[in-house]
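Structure first, commentary second.
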Amino acid sequence: MPVVDVDPDELRELTGHEDKGDEELKSDLFGLGLEFEGETEAGQFQFEFAPDRLDRLSVEGVARSLRYHYGDARGVYVPSTNDPEWTIEVDESVPDERPYVTGAVVRGLDLDEAALESLIQLQEKLHATMGRGRAKGAIGIHDLAMVKGAPLQEGAEPSVTYRGVDPDGDAFVPLDSNDELTPAEVLTEHGTGETYADLVTDLDRYPAIYDELGLFSFPPVINGKRTEVTTGSRELFVELTGTDQWTIDRMCNIICYALSARGATIEEVEVNYADGATYPDEYGSELVRPNLDTDEKTVGHDRIETLLGVDFEPEEVVDCFERAGLDASYTLDEDVRYEVEIPPYRVDVLHPLDLVDDVGRAYGFDNLEPRYPDVGTVGGRHERSRLEDAVRTSLVGLGFEDLLNFHMTSGTENYERMRVEPGTGGAAVDGTGVFGGGDPVEITEPYSEEYTQLRTWSLPSLVMLLERNTHNAYPQDVAEVGFVAERDDDADTNVAESRHVAGAVARRDASYEAAKGRLQALCNDFDADLETPRTEHPSFIGGRAADVVIDGERVGVIGELHPAVLVEHDLEVPVAAFEFALDALR
């Protein structure tokens with residue numbers, strides 16, 4: 001989690017509580033979820049932050065939260081903005097890999113060294129968190145006095161242009177340098193360029209921002225020295241580029257709120273995407289930024305009381321919301337429900353549970369009174385857990401090695417390498433279609449191409465393990481009782497979750513009969529009736545595969561793996577395998 005340096009004197013000044021001692025500040029901040037990690041040599045406090053509250057990555061954001069905590073501020077605050085004078089023109093030459101841009105103009109600043117250091121720290125912490133190391137979003141902050149806007153026509157507002165540039169194209173002087181360098185030279189001859197070269201080096205054209213004098217920003221790598229921000233800067237031009245418009249808009253909001261806390265005035269900018277340029281479909285090709293619109297979520301009164309264990313009056317809940325920096329109203333129907341307004345700097349409120357957490361913090365978790373539950377019971381193993389343990393014990397007794405594999409995988413491993421087409425049906429859910437071929441539960445922002453979805457069946461995991469163990473002696477008999485999931489629009493969460501039992505026998509004489517014998521013995525251990533009517537499955541040899549029918553229900557598949565699957569996984573011995581839904585053994 002990010003660690004942020006906070007000057008306690010500056011924090012006292014920004015909150016208006018200069019009488020607060022260091023220990024009292026630490027205690028108050030701990031109540032907000034900020035853990036004290038130590039002090040720097042300069043006497044600044046170091047706090048570890050939960051990754052959800054990115055608006056607190058600067059002293060200004062921490063001070064705002066404390067003002068709400070102390071009752072000095074209430075409800076949603078949205079800074080006023082002036083009408084736009086500047087325009088960002090987005091050219092069609094912008095690389096498709098980084099198409100989006102947003103920004104703001106900030107006026108009336110009085111930056112001292114502490115304020116400038118705080119701004120730089122906020123910029124870098126946002127890069128490391130929301131910006132995913134600048135890959136998803138990168139921030140450029142410039143001295144507006146040094147940006148020479150080029151009017152598109154006489155009498156028009158000044159503008160800058162976001163466009164693509166050839167790697168060996170226009171040169172500029174980057175920060176921390178005195179030499180003019182082309183973008184390609186920056187990536188090889190400048191320290192910062194070398195650090196972030198992998199973000200752009202594979203592009204045919206690099207992202208660049210131009211004013212009337214030429215290139216002054218090379219996102220996401222480095223800004224130009226001409227527009228460097230100093231303590232003498234009074235007006236700033238803030239630009240952000242990235243792969244997701246929502247992300248860079250929220251990063252921009254956090255910066256605008258931090259600078260507004262310093263007494264600055266926020267001025268809008270127009271963003272115009274040219275014909276042929278990639279623009280965000282949800283917003284259109286003409287935007288006015290920053291987008292300081294508030295959001296709304298709904299949460300029920302019963303849910304708040306149940307989770308926090310406190311009996312509230314509706315007015316008390318509204319008071320807690322306002323002291324958390326939110327606004328709320330409620331309706332007195334059969335169930336009291338709250339319509340909660342969320343400020344634009346809060347990027348963490350994604351679910352009603354986040355609202356309950358805010359109520360709890362405003363009320364004070366230390367004020368919650370522990371009490372014994374109304375029911376007196378003794379803890380014990382869940383029925384499903386007992387069943388899983390019993391099945392594992394039986395599998396080990398049958399000679400299998402018990403495994404624990406990752407629940408996340410990729411479409412290549414889950415479908416393609418097993419010769420299964422996605423969306424061809426989920427046997428464990430409705431008893432039809434190709435076993436393992438259900439619609440995937442995909443990860444929206446995967447960190448790795450190896451983990452892009454939840455697995456829909458367990459057998460690919462076993463085959464991958466056999467692939468990685470070809471250097472070990474045979475026989476290799478492996479099994480797993482594990483989690484699988486697939487899309488199901490009829491489920492409350494749109495996801496059907498279940499546990500599967502899978503086993504594989506890898507040896508020179510592996511056959512359908514060897515797998516069937518193990519499966520039959522397992523079913524006998526649980527007094528379950530097993531049938532195996534012939535079937536066809538793309539992962540198995542035709543004529544050597546069968547459905548697994550337990551107590552009259554089709555719940556799985558068994559057979560000898562197809563030669564194409566064996567070759568794909570570099571397996572030189574036959575493999576016979578089975579998989580079925582754990583619930584069939586209840």
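Please read all numbers here as calculations on a predicted model, not as lab measurements.
- Side-chain contact between V105 and L144: present, with at least one pair of heavy atoms (C-beta onward) separated by less than 4.5 Å.
- Taking the six-membered ring for Trp and thresholds of 30 and 60 degrees, F237 and H142 have ring planes inclined between 30 and 60 degrees apart.
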Residues 168-178 side chain polar contacts: donor-acceptor under 3.5 Å, at least two apart:
{"from": "D170", "atom 1": "OD2", "to": "Y210", "atom 2": "OH", "distance (Å)": "2.7"}
{"from": "S177", "atom 1": "OG", "to": "D179", "atom 2": "N", "distance (Å)": "3.1"}
{"from": "N178", "atom 1": "OD1", "to": "K225", "atom 2": "NZ", "distance (Å)": "2.6"}

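- Note that CE of M146 is 10.5 Å distant from CD of E228, once rounded to the nearest 0.5 Å.
- Annotation: side chain of R107 is in contact with side chain of E235 (closest heavy-atom distance under 4.5 Å).
- Between H301 and E305, the side chains place a donor N or O and an acceptor N or O closer than 3.5 Å (distance only, hydrogens not considered).
- Heavy-atom neighbours of Y70 OH from other residues, nucleotides or ligands within 6.0 Å: above the threshold of 12.
- Using a 3.5 Å distance cut-off with no hydrogens or angles, the side chains of E89 and S159 do not pair a donor with an acceptor.
- Here the options are D7, D19, D22, the test is side chain to side chain donor-acceptor pair (under 3.5 Å), and the partner is R12; only D22 passes.
- Proximity of a side-chain donor or acceptor of R134 to a complementary backbone N or O of V221 within less than 3.5 Å is detected.
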Side-chain atoms of residues 193-208: list all donor-acceptor pairs with protein atoms under 3.5 Å, sequence neighbours left out, distances to 0.1 Å.
{"from": "T195", "atom 1": "OG1", "to": "G191", "atom 2": "O", "distance (Å)": "3.0"}
{"from": "R205", "atom 1": "NH1", "to": "D166", "atom 2": "OD1", "distance (Å)": "3.0"}
{"from": "R205", "atom 1": "NH2", "to": "G164", "atom 2": "O", "distance (Å)": "2.6"}

Carefully, step by step, assess F321 and Y330 under the rule side chain to side chain contact (heavy atoms under 4.5 Å, CB included). CA-CA 12 Å; F321 276 129; Y330 62 90; over 6 Å; no

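- For the 3.5 Å distance criterion, the side chains of T294 and E341 qualify, holding a donor opposite an acceptor.
- A donor-acceptor pair shorter than 3.5 Å can be found between the side chains of S65 and R56.
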Checking side chain to side chain donor-acceptor pair (under 3.5 Å) for the pair D5/Q46: CA distance, chi angles, key distance, verdict? CA-CA 5 Å; D5 300 338; Q46 293 185 304; 3.2 Å; yes

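- Judged purely by atom type and a 3.5 angstrom limit, E13 has no side-chain atom pairing as donor or acceptor with the backbone of E10.
- For S217 and E239, the side-chain atoms include at least one donor-acceptor pair closer than 3.5 Å.
- Checking side-chain atoms of N253 against main-chain N and O of N291 turns up a donor-acceptor pair under 3.5 Å.
- Within the 3.5 Å criterion, the main-chain N or O of L11 finds a donor-acceptor partner in the side chain of T15.
- Looking only at side-chain heavy atoms (C-beta outward), Y77 and P79 come within less than 4.5 Å of each other.
- Aromatic ring centres of Y451 and F406 lie closer together than 6.0 Å.
- A donor-acceptor pair under 3.5 Å is formed between the side chain of R455 and the backbone N or O of F483.
- For the pairing with D358, the salt bridge (charged side-chain N to carboxylate O under 4.0 Å, His left out) check across R346, R323, K297 returns one residue only, R346.
- D211 contributes a side-chain N or O that, together with a main-chain N or O of K148, makes up a donor-acceptor pair within less than 3.5 Å.
- Legend: salt bridge (charged side-chain N to carboxylate O under 4.0 Å, His left out) pairs involving residues 241-252, not counting sequence neighbours, sorted by first then second residue: D249-R289.
- The closest donor-acceptor contact from the side chain of D354 to the backbone of H351 lies under 3.5 Å.
- Ring-plane geometry between Y273 and Y100 is classed as perpendicular, the angle between the planes exceeding 60 degrees on a 0 to 90 degree scale with a lower cut at 30.
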Given the rule in the side chain to side chain contact (heavy atoms under 4.5 Å, CB included) test, do I304 and V299 qualify, once you have shown the distances and angles that lead to the verdict? CA-CA 8 Å; I304 295 172; V299 64; 4.0 Å; yes

Please walk me through it: do Q245 and T102 pass side chain to side chain contact (heavy atoms under 4.5 Å, CB included)? CA-CA 8 Å; Q245 188 75 43; T102 191; 3.8 Å; yes

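- Between the side chains of S461 and N405, no donor-acceptor pair of N or O atoms lies under 3.5 Å.
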Test side chain to side chain contact (heavy atoms under 4.5 Å, CB included) applied to E296 and I342, step by step: CA-CA 6 Å; E296 284 192 356; I342 303 155; over 6 Å; no

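- The line from CZ of F45 to CD of E37 is 13.5 Å long, rounded to the nearest 0.5 Å.
- Using a 4.5 Å cut-off on side-chain heavy atoms (C-beta onward), L236 and L259 make contact.
- No side-chain donor-acceptor contact under 3.5 Å links D91 to the backbone of V94.
- At a cut-off of 3.5 Å, with distance as the only test, no side-chain donor of T243 or R98 sits close to an acceptor on the other residue.
- Not a single donor-acceptor pair under 3.5 Å links the side chain of T409 to the backbone N or O of E413.
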Stepwise, does the side chain to side chain donor-acceptor pair (under 3.5 Å) test hold for N414 with T456? CA-CA 7 Å; N414 193 76; T456 59; 2.8 Å; yes

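- Remark: side-chain polar atoms of Y338 are not paired, donor with acceptor, to backbone N or O of L355 under 3.5 angstrom.
- When only modelled atom types and interatomic distance are considered, T81 and E268 share a side-chain donor-acceptor pair under 3.5 Å.
- The environment of CD in E449 is sparse: at most 12 heavy-atom neighbours from other residues, nucleotides or ligands sit within 6.0 Å.
- D55 CG to E60 CD: the interatomic distance, rounded to the nearest 0.5 Å, is 12.0 Å.
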